[in-house]
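Written below as structure tokens is the structure these notes are about.
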2 protein chains.
Amino acid sequence: MKNKPTTKERLIQAAVVIFAEKGYHNATVAEICEAAEANIAAVNYHFGDKENLYRQVWAFLFEKSALEHPLPTALPETEPERWLRDFIRSRIEEIFDTGICHRLPQLLHRIKCEHTELHDFVFETYLRPGHERVTRAIKALLGPHATDNQRKLAHINFMGLHIFLNVGHQKDKEKKNKRQHLPAIDDPSELARQVEEFALGGLLATRNLIQHTGTIS
Amino acid sequence: MKNKPTTKERLIQAAVVIFAEKGYHNATVAEICEAAEANIAAVNYHFGDKENLYRQVWAFLFEKSALEHPLPTALPETEPERWLRDFIRSRIEEIFDTGICHRLPQLLHRIKCEHTELHDFVFETYLRPGHERVTRAIKALLGPHATDNQRKLAHINFMGLHIFLNVGHQKDKEKKNKRQHLPAIDDPSELARQVEEFALGGLLATRNLIQHTGTIS
DNA sequence: ACCAATTTCAAACGTCCATTTGAAATAATT
DNA sequence: AATTATTTCAAATGGACGTTTGAAATTGGT
């Protein structure tokens, strides 16, 4: 009852881990094949080239994580504050997922660092829907007086929180021995709570700023 | 009255730009030498190797930017809110500096992406003092009830704002044609104002959360 | 058992890039 | 002017890595 996975499957599995830990450029085809117990030529045979393997890894991982850590179901416009809180929580649970799903934000962290068209491909293919729903929630929360520029900046500030948290977490994973940036995460839920609070506090303060200063036009 | 800079100086100048735009690994010695109008062997002759050139670039840039965009002078403990606001403003002015100084956050953005001991070197050599003063300001602002973990997380959230803003700004610079993440920055000061407001709003909300839920201990 | 298609394999190829080398050119010293 | 030290230069070296190749091994169908 071994049912050893096919070479192709083993390559994907190995590539998920190695791409996530080292990024696209620093990962070598040789080490992926070695980890998958496959020949050096296996990647090119089964996937054509390294880049296509990378795309398959994304497809595999994203599909998996979208099931376990989906976007909040409610409409972002109706209860924007609630929606944004749930969104953050989902992202943080994904970061600290103990299964395979934490490889997705890890991979995301990596790809943001390499300038390649792969980044655009990933954003357009996988990230845009979530991005647009955040946009709508923030628009609803800030109210009709906010300018597009103010919304964009608030969006950046909002997203920066969990994304940067992810960066810190990835760094901590890399160097287990050294001093850690993050608190020990005995309880991701409590951590998520604090990030939620910071994010909403920031957004509401932004709303106040906008309403009090008013805008020309 | 030409007074053409020495080869060594030209190499540094060229390397600042190229390292900042492409990062350490993607920048080649050949292109740096070409931009500096120097021979391919010039880097090794004047600096020993590529890595050492990189360190010299940091020393040069950091010194320059520390003069133009210094940390706030006040003690972080006395008026933490004021100090943190000034800190953010200084960082944002640096990001949008129109001279050479914007290369520093750009370089910082790059180095965070490459896993190399250079990152640790840079942090320990240049960034630690600023880091510690932020720590103290946040500690003062959150009050004595906050746990170390809560402070660490608040610190991450706070720093994430301008760091992630920098990331977005760098991305926008890379692909001028494509859709931009950030608002057009006609006025960095107004942008800084909104980030300040978000940051302090977030921190104060965090303080409220801590005081209301209370901590065991 | 035989043939054809698929998959695996070790070796080789080609490219990119940091670094070295040793000679040539230039500057500094006497 | 002659000698020495410094700097520049083109070419070569060597290593890393993605990809190709063609033969060998395995699998599937009849």
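Please read all numbers here as calculations on a predicted model, not as lab measurements. Values below: all heavy atoms of this structure, side chains included; hydrogens, waters and symmetry mates excluded. First the proteins, then the strands, lettered A, B, ... as listed; each starts at 1.
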Out of [options], which has the shortest distance to the side chain of [X]?
{"X": "B:Asn44", "options": "D:dT19, C:dT7, C:dT19", "value": "C:dT19"}
{"X": "B:Thr28", "options": "C:dT19, D:dC17, C:dA18", "value": "C:dA18"}
{"X": "A:Asn39", "options": "D:dA10, C:dC9, D:dG18", "value": "C:dC9"}
{"X": "A:Tyr45", "options": "C:dA18, D:dG18, C:dT6", "value": "C:dT6"}
{"X": "B:Ala41", "options": "C:dA18, C:dT8, C:dT21", "value": "C:dT21"}

Below 4.0 angstrom from OP1 or OP2 of C:dT8, is there any side-chain N or O of A:His46? yes
Phosphate contact (D:dT8 OP1 or OP2) by B:Thr7 side-chain N/O below 4.0 Å: yes
Side chains of B:His25 and B:Glu114: donor-acceptor distance under 3.5 Å anywhere? yes
Does the side chain of A:Gln13 pick up a donor-acceptor pair with the side chain of A:Arg10 at under 3.5 Å? no
Using whole Å, what does the distance between atom [atom2] of nucleotide [N] and atom [atom1] of [X] come to?
{"X": "B:Lys4", "N": "D:dT8", "atom1": "NZ", "atom2": "C1'", "value": "12 Å"}
{"X": "A:Glu34", "N": "D:dC17", "atom1": "CD", "atom2": "P", "value": "12 Å"}
{"X": "A:Ile32", "N": "D:dC17", "atom1": "CD1", "atom2": "P", "value": "12 Å"}
{"X": "B:His25", "N": "D:dC17", "atom1": "NE2", "atom2": "C1'", "value": "14 Å"}
{"X": "A:Tyr54", "N": "D:dT19", "atom1": "OH", "atom2": "P", "value": "15 Å"}
{"X": "A:Leu53", "N": "D:dG18", "atom1": "CG", "atom2": "C1'", "value": "13 Å"}
{"X": "A:Ile40", "N": "D:dG18", "atom1": "CD1", "atom2": "P", "value": "8 Å"}
{"X": "B:Glu51", "N": "C:dT19", "atom1": "CD", "atom2": "P", "value": "9 Å"}

Just checking A:Glu63: does its CD atom have more than 12 heavy atoms from other residues, nucleotides or ligands closer to it than 6.0 angstrom? no
Has A:Glu190 got more than 12 heavy atoms of other residues, nucleotides or ligands less than 6.0 Å from its CD? no
Result of checking A:Arg110, A:His119, A:Glu51 against A:Tyr24 for side-chain contact (heavy atoms from CB on, under 4.5 Å): A:Glu51
